[in-house]
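This report concerns only the one structure given below.
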Amino acid sequence: MPEFKHLTAPSEGTAITGENGALVVPDDPIIPYIEGDGIGPDIWRAAVRVFDGAVSKVFEGAKRVVWFEVLAGEKAHERTGEWLPADTLEAARAYRVAIKGPLTTPVGGGIRSLNVSIRQLLDLYACVRPVRYFRGTPSPVRNPEQMDVVIFRENTEDVYSGIEWEQGSEEVRRLIEYLESQMGKRVRADSGVGIKPISITGSKRLVRMAIRYALDNDRSSVTLVHKGNIMKFTEGAFRDWGYELAAEEFGDRTIKEWDGEPDGRVVMKDRIADSMLQQILTRTSEYSVIATTNLNGDYLSDACAAQVGGLGLAPGANIGDEVGFFEATHGTAPKYAGKDVINPSSVMLSGAMMFRYMGWGEVATRIEDAIERTIQQKTVTYDLHRLMEGATRLKTSEYADAVIANL
Ligand code: NAP
């Protein structure tokens, strides 16, 4: 285990390890958590009670989680002078599975975003967002129950690589001149310019993770979403490399759409991003696992979440080959911080995802079912309360009590 500078590792519990690409999870795993800023402490306090309750219900004391608080964001800055201490990254690497609340992006200090830094430094190359409907949740569509997708969004390339130059800068002037003199491409002189890299490595490892997920979870299809009709060598290449990877590594377990009957194989298909945003609304049930580039995934994840109840119910994870970091997808919602009102379901459901990732699927199902039951009983936090007739409005902590009672 690493030597920490500011942290003390728990004296109890055992680290999760890996063997041949699979996790080896002990009965008392140590799981690092970042409480988060803003509403982070409110939602974490509520969620951890639900996690412990569900683990205890399912395993009746035979298994338990040893939680290990690690620091990032404002709390880290107060205690250590750093926004993202090296200890925190070391802990995530050492214990392999971690969970976090939302983090404020510090103004100044040279950090673009703490979340992006965590993803880049730990090479968490896939942003994974399952989107499904919980019965009873108010929804803007007629058949929200048809939504059941898991989106794998590439996390390290495309617009997230952050390579851009400001209009008017010397760099952009040189780049525009180079493009014209050396590459024969004209760019207006008063432009800002960004670069959108998409690699074979980045695309294939993302699609590999999505196909493995589909196979392990009996999912019917993987859809590659891209804008390859316009951006042929980036978005179009993502599609081509995705199909190539499926044929090379999963040739006997996948089949291309239109190539015959699936016969238990995962169907590989592709859709252009703009058409996909229509189809997910009009032919929702035709989609299961989705693998896509960064910016498409950004739009698609939120559009899908909106169909089934919005941000308060949207879990997520950032996953690489070494570490899985689970997190609510919303931000720190500062106006609600410390008020005990916010909906903690998103972080609870991220925890459910985490337990499923660890192979504790029964715990995950327990949490998901209890949340669904709580919503069906119309006992909800303010965000759903304002959309539901005849519902009872609960505080964050009271909502956790209700979920625990439904475990
Ligand atoms: P936000 O914190 O997600 O909040 C925007 C609005 O979404 C809230 O005012 C609230 O809407 C609703 N909302 C968010 N979480 C909710 C929940 N758990 N339950 C119910 N409603 C919820 O977005 P933001 O205000 O744009 O960002 C604030 C800060 O968070 C920024 O510093 C940003 O950088 C950071 N951020 C962090 C992460 C992360 O850590 N992963 C992600 C996004 C943003 P109503 O006001 O309508 O109730």
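Every number for a ligand or one of its atoms is a count from 1 in the order of the listing. Starting from 1, each residue takes its place in the sequence as its number.
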| request: Provide, to 0.1 Å, the distance between atom 37 (C) of ligand 1 and the closest protein heavy atom, together with that atom's residue and name. | output: Leu103 O, 3.3 Å
| query | When you check the gap from the basic side-chain N to the acidic O, do Arg205 and Asp123 get nearer than 4.0 Å? | reply | yes
| note | of all protein heavy atoms, closest to atom 9 (O) of ligand 1 is Lys335 CE, 3.6 Å
| query | In ligand 1, which numbered atoms sit nearer than 4.0 Å to a non-hydrogen atom of Asn115? | reply | 37 (C), 38 (C), 39 (C), 40 (O), 41 (N)
| task | Output yes when the distance from some N or O of ligand 1 to some N or O of Tyr382 is under 3.5 Å, and no in every other case. | result | yes
| Protein heavy atoms: any of them under 4.0 Å from atom 46 (O) of ligand 1? | yes
| note | atom 7 (O) of ligand 1 sits nearest the protein heavy atom Leu311 CD1, 4.1 Å
| remark: re atom 18 (N) of ligand 1, the protein heavy-atom contact at minimum distance is Asn343 O, 2.8 Å
| query | Applying the side chain to side chain donor-acceptor pair (under 3.5 Å) test to Asn296, which of Glu235, Arg271, Lys227, Arg153 qualifies? | reply | Glu235
| Is it true that atom CD of Glu362 has more than 12 heavy atoms of other residues, nucleotides or ligands lying nearer than 6.0 Å? | no
| query | Which residue owns the protein heavy atom closest to atom 31 (C) of ligand 1, what's the atom, and how far is it? | reply | Thr332 OG1, 4.3 Å
| request: Ignoring hydrogens, tell whether any protein atom lies closer than 4.0 Å to atom 12 (C) of ligand 1; use the non-hydrogen atoms only. | output: no
| Out of Pro334, Gly316, Gly73, Gly101, whose heavy atom sits nearest atom 25 (O) of ligand 1? | Pro334
| Identity and distance of the protein heavy atom lying nearest atom 32 (O) of ligand 1 | Thr105 N, 3.7 Å
| task | Decide if the gap between the ring center of Tyr213 and the ring center of Phe152 is smaller than 6.0 angstrom. | result | yes
| said: Quick check on atom 29 (C) of ligand 1 - does any protein heavy atom sit closer than 4.0 Å to it? | reply: yes
| said: Which label fits Phe355 and Trp360: parallel for a plane angle under 30°, tilted from 30 to 60°, or perpendicular past 60°? | reply: parallel
| request: Could you pull out, from Gly40, Ala333, Ser346, the option with a heavy atom nearest to atom 4 (O) of ligand 1? | output: Ala333
| query | Counting only heavy atoms not in Glu170, do more than 12 fall under 6.0 Å of its CD? | reply | yes
| Donor-acceptor contact present, side-chain Thr392 to main-chain Thr379, <3.5 Å | no
| query | Does atom NZ of Lys196 have more than 12 heavy-atom neighbours from other groups under 6.0 Å away? | reply | yes
| For the ring pair Phe4 and Phe68, is the centre-to-centre distance below 6.0 Å? | yes
| Could any protein non-hydrogen atom be found less than 4.0 Å from atom 40 (O) of ligand 1? | yes
| Which atoms from ligand 1 have a heavy atom of Arg386 less than 4.0 Å away? | 45 (P), 47 (O), 48 (O)
| Charged N to carboxylate O below 4.0 Å: is that the case for Lys269 and Glu286? | no
| task | Assess Arg119 for proximity to ligand 1: is some non-hydrogen atom of it under 4.0 Å away? | result | no
| field | Residue and atom name of the nearest protein heavy atom (relative to atom 43 (C) of ligand 1), distance in Å to one decimal | value | Gly331 CA, 3.5 Å
